[in-house]
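These figures come from a predicted structure and were not determined experimentally.
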Amino acid sequence: GGRFVNFGSAKQLDKCAEVLQASLARHNLDFLHSKLADVLTLQGRHSDALASYHTALSLDPESADAKAGLDRLEKLMRGVDPDAATGDEDEDHTDATNDESDPNNGPGSFEGSQYM
């Protein structure tokens, strides 16, 4: 498994973000910023998540949670699967499933899809 637990529905993620933002209004703590960034990442709100991770790191430059979350987010933003086990983390990876030259993998095709 990855770093993130399954929070469930979008409504539950919205509630998590709301609770964390309310907590941050009272307590400006690095781990709350990291947790909010985790939720924002799950919601696909990458710019907001990036800002929250950076805020966490400005409060605690050694925050393991913020560093790990930021690393994961940066991979997601580059289109790299952050949970894929690879031998070389620095190598640029492209997602072969996006190869439009493959006639079985074009728009609307479920060939090779995890849903088949």
Measure across D81 and D83 and return the closest heavy-atom pair with its distance rounded to 0.1 Å. OD1-N, 2.9 Å

If you round to the nearest 0.5 Å, how far is NZ of K75 from CG of L70? 11.0 Å

Between the main-chain N or O of D71 and the side-chain N or O of E74, is there a donor-acceptor pair closer than 3.5 Å? no

I need the minimum non-hydrogen distance between S34 and S63, along with the two atoms involved. OG-OG, 4.0 Å

Is the side chain of S58 donor-acceptor paired with the backbone N or O of T55 at a distance under 3.5 Å, no angle test? yes

Considering residues at least two apart in sequence or located in another chain, which fulfil the salt bridge (charged side-chain N to carboxylate O under 4.0 Å, His left out) criterion with E18? K15

Contact summary for Y53 and D65, nearest pair of heavy atoms: CE2-O, 4.4 Å

Are L36 and F31 linked, directly or through intermediate hydrophobic residues, by side-chain heavy-atom contacts shorter than 4.5 Å (ILVMFWY only)? yes

Using the salt bridge (charged side-chain N to carboxylate O under 4.0 Å, His left out) rule, collect all pairs that involve residues 54-63, keeping only residues at least two apart or in two chains. E62-K67

Would you tabulate the side-chain donor-acceptor contacts of residues 21-29 under 3.5 Å, counting partners in other chains and residues two or more places apart, or write 'none'?
from : atom 1 : to  : atom 2 : distance (Å)
S23  : OG     : V19 : O      : 3.1
R26  : NH1    : A22 : O      : 3.3
N28  : OD1    : H33 : NE2    : 2.6

Sorted by chain and number, sequence neighbours left out, side chain to side chain contact (heavy atoms under 4.5 Å, CB included) with Q43 holds for L13, D14, A17, V39, L40, R45

Rounded to the nearest 0.5 angstrom, the CG-OG1 distance for L73 and T41 is 4.5 Å

